[in-house]
Amino acid sequence: MKSKKINKIIITVACVIGIVIIGIVIIGIVLCMVVINNNSYKSLDLKYESTSKYTITSGSTGNVYDISKEEFNNIIEKLNDTKVKQKNFEPTQGWSSYITFSDENGVSHRLEVCKDRIEYDHVWYAVKKDNSALYDYVKVLENKYFH
């Protein structure tokens, strides 16, 4: 009789421990999903009150062209609308064009825009698929200034 009670207690404790372990695993999975979603694509959300000397530099010739404040503002607007996530990329041969400007503190910034990635101030970001308005606009500027 006592061994049946002991067996029932052991089975009950084992079931409770099993349920606790399953709960911990489920909570772990949910937390992992939250961490993964926090590493998802997002906007850089850059704000510059006062900027100066906006240029675009040709990757093939090295020629530097001044661009207008309106063109620069369009770049920043499209950059902020572009969904990116920080990512390390293997070095590539050559480069296309890049945009430079100085902020209100006189700090120089550099933006290189490729189809699937951008480099902003020496940090590479992957661009979310089908998020190409910035790339398309930079191509328009390249055609305007380089041809």
Side-chain angles (χ1 to χ4, degrees), residues 8-147:
K8 280 186 177 182
I9 292 172
I10 291 173
I11 290 172
T12 304
V13 169
C15 287
V16 169
I17 290 173
I19 291 171
V20 169
I21 290 172
I22 290 171
I24 290 171
V25 169
I26 290 172
I27 290 170
I29 290 170
V30 169
L31 288 175
C32 285
M33 292 174 76
V34 167
V35 168
I36 288 169
N37 283 339
N38 284 341
N39 194 21
S40 63
Y41 291 89
K42 54 189 165 204
S43 169
L44 291 179
D45 198 27
L46 302 174
K47 294 186 180 19
Y48 292 103
E49 300 301 318
S50 174
T51 54
S52 62
K53 189 69 175 163
Y54 329 99
T55 64
I56 186 167
T57 302
S58 168
S60 58
T61 66
N63 292 341
V64 179
Y65 303 89
D66 291 334
I67 61 175
S68 71
K69 181 164 182 69
E70 180 182 347
E71 290 168 330
F72 172 75
N73 287 340
N74 285 335
I75 289 168
I76 294 298
E77 179 182 317
K78 288 174 183 11
L79 176 61
N80 285 337
D81 288 341
T82 301
K83 301 298 182 205
V84 298
K85 70 177 173 181
Q86 193 170 340
K87 183 175 180 182
N88 291 326
F89 286 98
E90 292 294 320
T92 59
Q93 297 280 335
W95 43 276
S96 54
S97 63
Y98 63 87
I99 291 100
T100 57
F101 65 97
S102 296
D103 66 20
E104 57 273 8
N105 298 318
V107 176
S108 181
H109 298 276
R110 181 179 186 275
L111 171 67
E112 182 178 345
V113 179
C114 303
K115 191 161 190 79
D116 63 341
R117 65 186 87 172
I118 62 169
E119 180 189 21
Y120 179 72
D121 285 349
H122 309 290
V123 177
W124 283 100
Y125 299 89
V127 174
K128 187 173 185 180
K129 189 175 181 175
D130 300 326
N131 203 220
S132 63
L134 175 63
Y135 176 79
D136 294 341
Y137 185 70
V138 170
K139 286 297 168 197
V140 167
L141 292 179
E142 288 175 349
N143 285 332
K144 176 181 177 181
Y145 289 103
F146 302 161
H147 295 114

Engineer: How would you list all residue pairs meeting ring pair (Phe, Tyr, Trp, His ring centres under 6.0 Å) that involve residues 126-147, not counting sequence neighbours?
Structural biologist: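 Listed by first then second residue: Y65-F146.
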Engineer: What's the spacing between E77 CD and T82 OG1 if we round to 0.5 Å?
Structural biologist: 10.5 Å
Engineer: Should we count CD of E104 as having more than 12 external heavy atoms under 6.0 Å?
Structural biologist: yes
Engineer: Within a strict 4.5 Å, meaning less than it, do heavy atoms of the I67 and I75 side chains meet?
Structural biologist: yes
Engineer: Does K78 have more than 12 heavy atoms from other residues, nucleotides or ligands lying within 6.0 Å of its NZ?
Structural biologist: yes
Engineer: Ignoring hydrogens and angles, tell me if any N or O in the side chain of N105 forms a donor-acceptor pair with the backbone of V107 under 3.5 Å.
Structural biologist: no
Engineer: Is the number of heavy atoms from other residues, nucleotides or ligands within 6.0 Å of CG (N88) greater than 12?
Structural biologist: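 Atom CG in N88 is not packed in, count stays at 12 or less.
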Engineer: Under 4.5 Å between any side-chain heavy atoms of Y41 and K85, yes or no?
Structural biologist: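 Yes - at least one pair of side-chain heavy atoms lies under 4.5 Å apart.
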Engineer: Can you label the angle between the Y120 ring and the H109 ring as parallel, tilted or perpendicular, going by 30° and 60°?
Structural biologist: parallel
Engineer: Could you check whether any side-chain heavy atom of V127 comes within less than 4.5 Å of a side-chain heavy atom of D116, counting everything from C-beta outward?
Structural biologist: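 Result no, sub-4.5 Å side-chain heavy-atom pair not found.
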Engineer: Report the distance from atom CD1 of I99 to atom CG of L134, rounding to the nearest 0.5 Å.
Structural biologist: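 So the gap between those two atoms works out to 7.0 Å.
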Engineer: So, the side chain of S43 versus the backbone of N80: is there a donor-acceptor pair under 3.5 Å, distance only?
Structural biologist: yes
Engineer: To the nearest 0.5 Å, what is the distance between OH on Y125 and CG on L111?
Structural biologist: 10.5 Å
Engineer: To the nearest 0.5 Å, what is the distance between CG (L141) and NZ (K139)?
Structural biologist: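 Output value for this atom pair is 10.5 Å.
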Engineer: Measuring from Q86:CD to K42:NZ, what's the distance to the nearest 0.5 Å?
Structural biologist: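 The NZ atom of K42 is 9.0 Å from CD of Q86, to the nearest 0.5 Å.
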Engineer: Within the 4.5 Å heavy-atom criterion, are L79 and I118 side-chain neighbours or not?
Structural biologist: yes
Engineer: Heavy-atom distance under 4.5 Å between the side chains of E70 and N74, does that happen here?
Structural biologist: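 Result yes, sub-4.5 Å side-chain heavy-atom pair found.
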Engineer: Can you give me the closest heavy-atom contact between S97 and V138, atom names plus distance?
Structural biologist: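 Smallest interatomic distance, heavy atoms only, reads OG-CG1, 3.9 Å.
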Engineer: NZ of K69: more than 12 outside heavy atoms within 6.0 angstrom?
Structural biologist: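 Above 12, so yes.
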Engineer: Measure the spacing between NZ of K83 and OG of S40 and express it to the nearest 0.5 Å.
Structural biologist: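 K83 atom NZ to S40 atom OG measures 9.5 Å (nearest 0.5 Å).
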Engineer: Do S102 and S52 get their side chains close enough for a donor-acceptor pair, meaning under 3.5 Å?
Structural biologist: no
